[in-house]
Amino acid sequence: MQRRGRDSGISQSLGKPLTKRVKESRVLLVGAGGIGCEVLKNLVCCGFGSKQSGLDSAAPDVRSGPAATAFRQPGIVVIDLDTIDLSNLNRQFLFRKQHIKKPKAFVAKETASQFNPSVNIEAHHASIFDSKYNVNFFEGFDLVFNALDNLAARRHVNKMCLAADVPLIESGTTGFNGQVQAIKKGVTECYDCNPKPVQKSFPICTIRSTPSQPIHCIVWAKSYLFPELFGTSEEDSTDVGVTESDNAEEVAKLKVEAEALKSVRRMMGKSEFAQEVFDKVFQDDIERLKSMTEMWQSRTPPESLRYEALKAEMDADIIKRGQALATQDQATWSLHDNLAVFCYSLDTLSSRAQSGEPVIEFDKDDKDTLDFVASAANLRSHAFGIPLHSEWEIKQMAGNIIPAIATSNALTASLCVMEAFKIMRSQPQEQNGLSKPTANNNLPTTTQTAISGKVEPTLGGAKMVFLNSRSTERMITTQGLVAPRPECPVCSPVYAKLAVAADSSATLQELVLLLQEKVGYDEFSITTDAGVIYDPDLEDNLPKQLTEYASAAHGNSFITVTDESDEAKVDLALSLTVTPTTSGGAATLDIIPQHISLPLKPQKAAEADGAVDGDADSAPVPASAGAKRKRDAEEEVESAKKRAKAGKAEVQEIDDDGVINLEDD
Amino acid sequence: MATDVQYVPPPLQDIPTAKEKKYDRQLRLWGASGQIALEETHILLINNGPGVTGVETLKNLVLPGVGQFTILDSTVVSEADLGVNFFLEDASLGKFRAAETVRLLMELNPGVQGYAVTEPLETFIAQDNVFAPYNLILVTAPIDPTVLAQIQTHAQTLQIPTFYIHCVGYYSAFSVLLPPAFPIVDTHPDQTATTDLRLLKPWPALVQFAKEKTAGLEEGKLNAQEKAHVPWVCLLLHYLEQWKEEHDGKLPESYPEKTEFRKLVRSGDPHEENFDEACAAVLKSLNPPTPDSSVREIFNAPETQNLDATSPPFWVIANAIHQFYTTHKQLPLPGAVPDMKAQSADYIKLQNIYKTKAREDCAEVLENVRKLEKNTSRSPKLAIDNKEVENFCKGAAHIHLVRGRPFQVVQAGQPVRFGDRAKAMAMELTMPESLIGLHIAFLAWDEYIATHSSPASEAGGQALKVPGSGVDDFESDTEKVTGIAHTILDGLIKEAGTFVEDPEYSDVKAKVGEFCLEIVRAGGGELHNIASLTGGLVAQEVIKAITRQYVPVDNTCLFDGVASRTGVLRI
């Protein structure tokens, strides 16, 4: 067998032009958890960002010229805020036991670098929300991968990629299921085109006064009692909210109740602390609720618990008993058991608070906090005649635990990288390595690009890919990418930048004039995260300096300009960039790019065709869509065939994009 | 009323806490019984070629804590291995690939034991009883077909589940050899599919409860609060009685009747949540529970019908449940009640009514089991555990049986046979979405290796000649592999005794040709992310086979990376 280089297998499958692009690429990976570890391994092994730019400067570069200064350093940037936990090790294979508590990003880089020493990996232990990760930062990448576990960060990266006009590959897994979605401004749906389910919130009175399910008691223990004793107050919790169904009078009484608990908190460290807390929440508060007879006309009233009475029935060392029970988290503890664990966990948490932890937050993986929440929830359940549960079960409900396994992550990550190949193949070559203007904002939505008479599928044939490895018949399936939803508030605006010099004294008035002059607005309004700052009837803010808004906008949020005229144009979203200082004659206020032309907002009727490449209109695949999909696949094979010939015969042929004749290296 | 809790698998008495914490996220899927099965498993990977799909598979099994694994590979690490196998490092050069990979895989999980076998495959399989220590075998292509046939014979004798895996370029495939009878009790069906409330055939306790809860409903004697908390199960039972009175004792059966019935329920209240729930449940809850075909297949299986003293418990319980079904015309009640709007106390009562009935049904099945044990003179040592019967009763509607089938092993000079699957596979040829063409291309790829490699006595990974691997044999090999594939294709059509008309015939031929071209072009090389993906798919199926949970692939899964989709064929 002939000797092969490190990446000959890759170039044999991808073809040399695509292999070259992959090696020269600079990609961002947001998240180094379950999917992130696997994506990073695949990227490294496939040679993403492995070209050592300095080494072959002698090679002719098609991009040399004025733009060469903006040449990107090939490489992979990985950002993750988290540190490694024991429960990650069943799937996040870049981490070992000795890495527990270390930052995920650093350890991931360290381990993955060994797979291919020529890849340049940059690791950031930071939040993607940090202001340094602004639009300019995102513009520095050919492609972004989302490997996140929460909605807020996903939505944020989605928006930043739209603003920077960088393709995004979004992914997620739950148990045996997974999903991969390619997103590109103006071409496909964005992450926010479809509304996402909002986190379930319970009415405050259900939680605090009339619980009827175990989850109500768990939320009470986790989001009310625990923070009142050890953390910040419940006003910050998103689990509980005052809703229309809540009784205003009762809400006011609950405030008084919380105040009383705060005074109990001051007893912390004293031996009677546990009893004080217990009697306050399981005796006094329950008695108070019970006394409100109108509340119990159609409900069974609760029964209060008495610490002294329960304690009298138990052995002397309650805390020791609690400690022993806390290890038996699969058993359903009895009433007395729960009291013992309650006392034990309060004791442990109090000493932690006393020894310098000013705020303890509930964390499902922090056993002391879980012990407390489980026992307190069960005690409350007992008082209200609700079935008790084991700590193991309560952990799942309290921690919103999503099952996760190695296989689903490996599968989903591999699919992400497959979609990445397709997208990279489809991107016009001049975007590689150039600082591109956000110009395609202005182009009408292109559904398909006809090049050299051949119709190219959207994003090189990228699809929505679904994984369901629990099923056998349809383990991996696809659906065509869908065109952007014209009313989507996140991806329908045109994104541009507003550069303000740090020492600029430019006012909102100047911005208004600039917008009128550059974009040709008639009546319009300007909105920041905090609300409307300007509209035809609101001129109070006009003398204010823009730097005031810029500093409030954190560097990576946007101000939106909305056309208020009859034939309205789409919104303009401006990311505020504070430039260091004015150098000589440069303008202190500028909109980038120089030319902005906004299309009209779509008419409601003119949105009939939602599908980009014709096969996405409905989930159950109609016959015609299947045929279309088949054609797409055939085209793919067709072009692969061409690549094959080009690769094998060492003949220079037009690259499959038909755009630029790439040199084989 | 905690629906969330119902998803949690049974408690984990046998797993100590630190381990439980590490495996927390997966225990919530396959439970302690699945984890224990995984830890009792010893997997053998026969990795003959340069690919890493087998190693990727093992990675996904070492992480969740498989007990032991062994890699059989007599090759020494070369420069090329460093490029494809992410586990190997520069220091591995010149050492045995198996030993190095085992060492690095074991680093992933200190709880897992790995072993390397570096003797040549041919001498290894020539030994007596050499596969006995293993519970599962993974074989990666390329492999000498005569050796594969020998492995298959051993695996069939010992009834060891075995996987045969291909991964070339953008494409991959694997076939699973399962024992001739592979029954699964714990299939983890969708939660919505498992709800069986027996509303069409309620038993007295349930009827009584519904009557109590709906007494005075029509007369308007319930206050608003009471009315809004009548569980929807009771509402439906109440209106069903009313419907029967107006329809000569008949139940709403057809779709229009059910729609009409829903209107009747809605007339009770236009807004209340419990009435909404009742209306929403009409279409899916009012179907007579008939066991599906896979359950009936198990009832009629010879293993169920002809029990003896050593029959595995599955068949004894299946027989006992079949008796129950013959007597009652329904399966034992699972007993779970979905979350619904109700007073806590009422909901608990309702739960108890269902639980009690489920327990009674289970007791009857258990009685049947004990009688069968007696009649077949089963030894008391083999007495079937009550828990097992209970578990079986809960999932009785969703039990599944796979009849394992052998691999199609290609032999030089012999035509490829499809046997009793020829007709079905010939049908697949005309389906545009089918990946049968890819299967044929891989068969042709195997046959090329069978006819172009040196004799078995000299064979080893390095001696196998893979299509497209030479410097300039791409075009000639493409032609050869395509030629073989077209012969297999024609043979299949002939074996099925059918015709495929043009233009379909030409389309199929062209499609097979394209697959052949692509896999020859890759020259036997793997694309890393496809190998990784295939490792994920195979590991997932291995977990299904080991834990005997979930329904496994039966028996060949194909993956087309260009289209990013899988297809499953029974071959």
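In the text below, chain A, chain B and the rest are named by the order of the sequence lines, each starting its count at 1.
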So A:Lys41 and B:Ser532, side chain to side chain donor-acceptor pair (under 3.5 Å) or not? Walk me through it.
-> CA-CA 10 Å; A:Lys41 178 204 69 181; B:Ser532 173; 3.2 Å; yes
Top contributor to chain A contacts, counting heavy-atom pairs under 4.5 Å, from B:Glu89, B:Lys59, B:Glu56 | B:Lys59
Passes side-chain contact (heavy atoms from CB on, under 4.5 Å), A:Lys422 versus B:Ser564? Steps please.
-> CA-CA 11 Å; A:Lys422 292 178 186 172; B:Ser564 292; 3.4 Å; yes
Can you check whether B:Leu533 reaches A:Ile476 side chain to side chain, under 4.5 Å on heavy atoms?
-> yes
Sequence neighbours excluded, the answer for side chain to side chain donor-acceptor pair (under 3.5 Å) partners of A:Asp149 is none
For chain B, find which of A:Val417, A:Asp85, A:Leu467, A:Leu94 contributes the most heavy-atom pairs closer than 4.5 angstrom.
-> A:Val417
Calculate, to the nearest 0.5 Å, the distance between atoms CZ and CG belonging to A:Phe93 and B:Leu105 respectively.
-> 10.5 Å
Specify whether A:Phe176 and B:Tyr550 have parallel, tilted or perpendicular ring planes, treating 30° as the upper limit for parallel and 60° as the lower limit for perpendicular.
-> perpendicular
Which atoms of A:Phe384 come close to chain B, meaning under 4.5 Å heavy atom to heavy atom: side chain ones, backbone ones, both, or neither?
-> neither
Any side-chain heavy-atom pair from B:Gln26 and A:Ile405 closer than 4.5 angstrom?
-> yes
Note, A:Phe421 side chain near B:Leu527 side chain (heavy atom, < 4.5 Å) = yes
Please identify each residue that fulfils side chain to side chain donor-acceptor pair (under 3.5 Å) with A:Thr111, with sequence neighbours left out.
-> none
In terms of heavy-atom pairs under 4.5 Å with chain A, the winner among B:Glu541, B:Gln549, B:His188 is B:His188
With the side chain counted from C-beta on, respond yes when A:Asn88 and B:Arg25 share a heavy-atom pair under 4.5 Å apart, and no when they do not.
-> no
Spatial distance of atom OG (A:Ser87) from atom CG (B:Leu27) [nearest 0.5 Å] = 11.5 Å
side-chain contact (heavy atoms from CB on, under 4.5 Å) between A:Cys46 and B:His528: does it pass, once the steps are laid out?
-> CA-CA 6 Å; A:Cys46 291; B:His528 182 86; 3.8 Å; yes
Value rounded to 0.5 Å, distance of NZ in B:Lys22 from CG in A:Asn90 | 8.5 Å
How long is the gap from CG on B:Leu104 to CD on A:Gln114, to the nearest 0.5 Å?
-> 9.0 Å
OG of A:Ser13 to CD of B:Glu526: how many Å apart, nearest 0.5 Å?
-> 9.5 Å
Evaluate the side-chain proximity of B:Phe559 to A:Met475: yes if any heavy-atom separation is below 4.5 Å, no if none is.
-> no
For A:Asn42 and B:Asn529, run side-chain contact (heavy atoms from CB on, under 4.5 Å): C-alpha distance rounded to whole Å, both residues' side-chain angles, the deciding distance at 0.1 Å, then the answer.
-> CA-CA 6 Å; A:Asn42 285 338; B:Asn529 63 318; 4.2 Å; yes
side-chain contact (heavy atoms from CB on, under 4.5 Å) assessment of A:Lys395 paired with B:Asp24 | CA-CA 10 Å; A:Lys395 182 179 177 185; B:Asp24 183 283; 3.2 Å; yes
Under 4.5 Å heavy-atom distance to chain A, tell me which part of B:Leu61 shows up: side chain, backbone, both or neither.
-> neither
Among B:Val568, B:Leu88, B:Leu537, B:Ile530, single out the residue with the greatest number of heavy-atom pairs under 4.5 Å to chain A.
-> B:Leu537
Please examine the side chains of B:Asn109 and A:Leu89, heavy atoms only from C-beta on, and report whether any two atoms are closer than 4.5 Å.
-> no
Distance, nearest 0.5 Å, that separates OG1 of A:Thr407 from CG of B:Leu29 | 8.5 Å
B:Arg28 and A:Glu393 ion-paired at < 4.0 Å = no
State, yes or no, whether a side-chain contact exists between A:Glu38 and B:Asn60 at a heavy-atom distance under 4.5 Å.
-> yes
Examine whether an atom of A:Arg91 lies under 4.5 Å from a heavy atom of chain B, and if so say whether it belongs to the side chain, the backbone or both; otherwise answer neither.
-> both
Against chain A, work out which of B:Gly567, B:Cys557, B:Pro552 has the most heavy-atom pairs shorter than 4.5 Å and name it.
-> B:Pro552
